[in-house]
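Contents: one structure, followed by commentary.
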Amino acid sequence: MGARVTNARGETDRHSRLKRLAFRWAQAHGYSACAMEVNLPRSRYRADVASYRPEPKKVGSTAIFECKQALCDLRRDNCQSDAARQRLETICERRQLLETRLREHYPNLRNGDSLFPEFDLPDFSVIGHRGYSRVLRELRALQNRLYDCTKFDKLIRYRCANLFFLVLTEELFRDSEIPVGWGALVESDGALTLIRKPIWQETAVENRIRLLQRIAMAGTRAINRQLEIAFADVPRAQMPMLRWHEQVVSGHLRWLRQSEQK
């Protein structure tokens with residue numbers, strides 16, 4: 001990759017620059033509440049940049065930016081679940097067909113793992129069948145991608161935000177590599193250009209408010225790091241204060257719903 005690591009978390013100069021550009025682009029387009037490294041609600045993922053654009057008398061809109069500095073980094077997270085599952089089913093059927101035929105040709109091939117011979121599983125690896133070995137390799141790769149590398153697809157499916165942007169360098173941009181529903185912001189001469197517009201995703205009011213809260217929390221953590229305020233230096237909140245905070249949030253959500261209905 002050739003990109004120099006700049007911090008203890010292993011972030012490179014290129015990735016850090018893309019995040020700063022996305023941060024600036026979001027604010028220039030009305031997203032006044034922004035933060036980096038935001039833990040997203042309703043998922044186990046973290047966004048490089050998350051933002052919120054307020055609107056008068058109703059809940060504003062949200063956007064997520066994912067920065068990719070290398071093609072392998074992009075492809076690792078871009079596996080569409082439906083297509084992968086269909087391919088996985090095809091490969092599984094192919095494997096079952098091959099195993100049926102191999103059993104016919106090698107009826108005595110058993111691995112002796114089971115106490116009962118009728119439940120012994122044939123060890124086809126000892127045959128060295130190239131077609132069967134190739135099917136197994138693709139099967140493992142698809143399963144790994146499907147269960148570990150479907151970030152882009154899941155962020156949209158979970159309705160984590162209204163808009164999703166992929167931020168990448170000019171030499172990395174390939175239209176076919178941009179996930180469905182995502183927009184593409186391409187870096188050129190130190191600025192970002194919108195090459196592909198994202199598809200608007202409807203999200204519940206609660207989801208947008210929760211993301212705004214996560215943005216505020218991430219922003220607070222960033223300021224604490226800058227001011228060198230450690231977690232141990234912050235007094236622990238008492239339970240009455242926590243209950244008060246929950247009541248404030250619930251009241252704010254009710255007010256926002258009423259405002260949207262008017």
Side-chain angles (χ1 to χ4, degrees), residues 1-3 10 12 14-15 18 40 42-48 64-160 164-184 186 195-196 198-199 201:
M1 181 172 58
T12 63
R14 180 180 295 180
H15 191 261
L18 291 175
L40 300 176
R42 302 186 62 193
S43 77
R44 61 183 176 87
Y45 297 112
R46 175 183 294 178
D48 287 330
I64 288 173
F65 301 80
E66 280 295 308
C67 304
K68 297 300 175 184
Q69 61 180 352
L71 192 58
C72 59
D73 188 26
L74 169 62
R75 288 174 174 170
R76 183 187 62 199
D77 292 332
N78 187 18
C79 175
Q80 298 178 22
S81 298
D82 292 339
R85 285 194 176 93
Q86 291 176 3
R87 181 59 181 167
L88 186 61
E89 291 177 1
T90 301
I91 294 299
C92 286
E93 292 174 358
R94 176 63 176 166
R95 184 193 64 176
Q96 292 171 2
L97 179 61
L98 282 173
E99 289 178 350
T100 300
R101 292 180 176 177
L102 289 173
R103 286 192 186 97
E104 294 174 355
H105 288 85
Y106 301 91
N108 297 322
L109 188 63
R110 304 288 178 178
N111 61 11
D113 285 344
S114 176
L115 183 63
F116 305 98
E118 63 269 23
F119 295 108
D120 274 352
L121 298 176
D123 185 10
F124 297 115
S125 62
V126 300
I127 303 174
H129 192 280
R130 293 184 179 179
Y132 184 75
S133 299
R134 184 167 56 250
V135 166
L136 287 184
R137 286 196 300 269
E138 184 172 359
L139 180 63
R140 294 191 187 97
L142 277 171
Q143 289 174 336
N144 289 335
R145 291 188 65 196
L146 182 60
Y147 299 120
D148 297 330
C149 305
T150 55
K151 181 177 182 179
F152 296 151
D153 185 40
K154 286 183 177 179
L155 288 182
I156 287 185
R157 186 146 43 90
Y158 293 164
R159 296 292 191 267
C160 292
F164 300 86
F165 296 91
L166 195 62
V167 185
L168 62 169
T169 59
E170 188 174 16
E171 65 271 14
L172 188 62
F173 173 74
R174 292 176 176 84
D175 190 68
S176 60
E177 299 282 352
I178 305 302
V180 176
W182 284 65
V186 178
I195 302 298
R196 181 199 282 186
I199 298 176
Q201 309 292 331

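We number each residue from 1, following the sequence as shown.
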query: Closest approach of T12 and H15, non-hydrogen atoms and distance?
result: OG1-N, 3.2 Å
field: Distance (rounded to the nearest 0.5 Å) between L136 CG and E99 CD
entry: 7.5 Å
- prompt: Taking only residues two or more places apart in sequence or in another chain, which ones pass salt bridge (Lys or Arg N to Asp or Glu O under 4.0 Å) with R87?
  reply: E138
- prompt: In chain order, what residues pass the side chain to side chain donor-acceptor pair (under 3.5 Å) check against R95, with sequence neighbours excluded?
  reply: none
field: E170 side-chain N/O to V186 backbone N/O, donor-acceptor pair under 3.5 Å
entry: no
query: Measuring from I64:CD1 to L155:CG, what's the distance to the nearest 0.5 Å?
result: 5.5 Å
query: At their closest point, which heavy atom of K151 faces which heavy atom of R46, and how far apart are they?
result: NZ-O, 3.2 Å
statement: Residues passing the ring-ring contact (aromatic ring centres under 6.0 Å, His included) test with F173, sequence neighbours excluded, are none
- request: Measure the acute angle between the ring planes of W182 and F164, then classify it against the limits of 30° and 60° as parallel, tilted or perpendicular.
  value: tilted
- line: Here the pair of heavy atoms bringing Y132 nearest to L98 is CA-CD1, 3.9 Å
query: To the nearest 0.5 Å, how far apart are CD1 in I178 and CD1 in I195?
result: 9.5 Å
task: Please report the C-alpha distance between R196 and L166 in whole Å, then the side-chain angles of each, then the deciding distance to 0.1 Å, and finally whether the side chain to side chain contact (heavy atoms under 4.5 Å, CB included) criterion is met.
output: CA-CA 10 Å; R196 181 199 282 186; L166 195 62; over 6 Å; no
statement: side chain to side chain donor-acceptor pair (under 3.5 Å) filter on S43, not counting sequence neighbours, yields none
field: From CZ (R137) to CD1 (I91), nearest 0.5 Å
entry: 11.5 Å
- request: Identify the two heavy atoms, one from Y158 and one from R42, that lie closest to each other, and give their separation to 0.1 Å.
  value: O-NH1, 3.4 Å
message: I need the L18 CG to Q69 CD distance, nearest 0.5 Å.
response: 7.5 Å
- prompt: Hey, is CZ on R159 packed in by over 12 heavy atoms from elsewhere, all under 6.0 Å?
  reply: yes
message: Going by salt bridge (Lys or Arg N to Asp or Glu O under 4.0 Å), name the residues that satisfy it together with R101, two or more places apart in sequence or in a different chain.
response: none
task: Any chance you could measure L168, atom CG, to R14, atom CZ, to the nearest 0.5 Å?
output: 10.5 Å
message: For E93, give me all partners under side chain to side chain donor-acceptor pair (under 3.5 Å), at least two apart in sequence or on another chain.
response: none
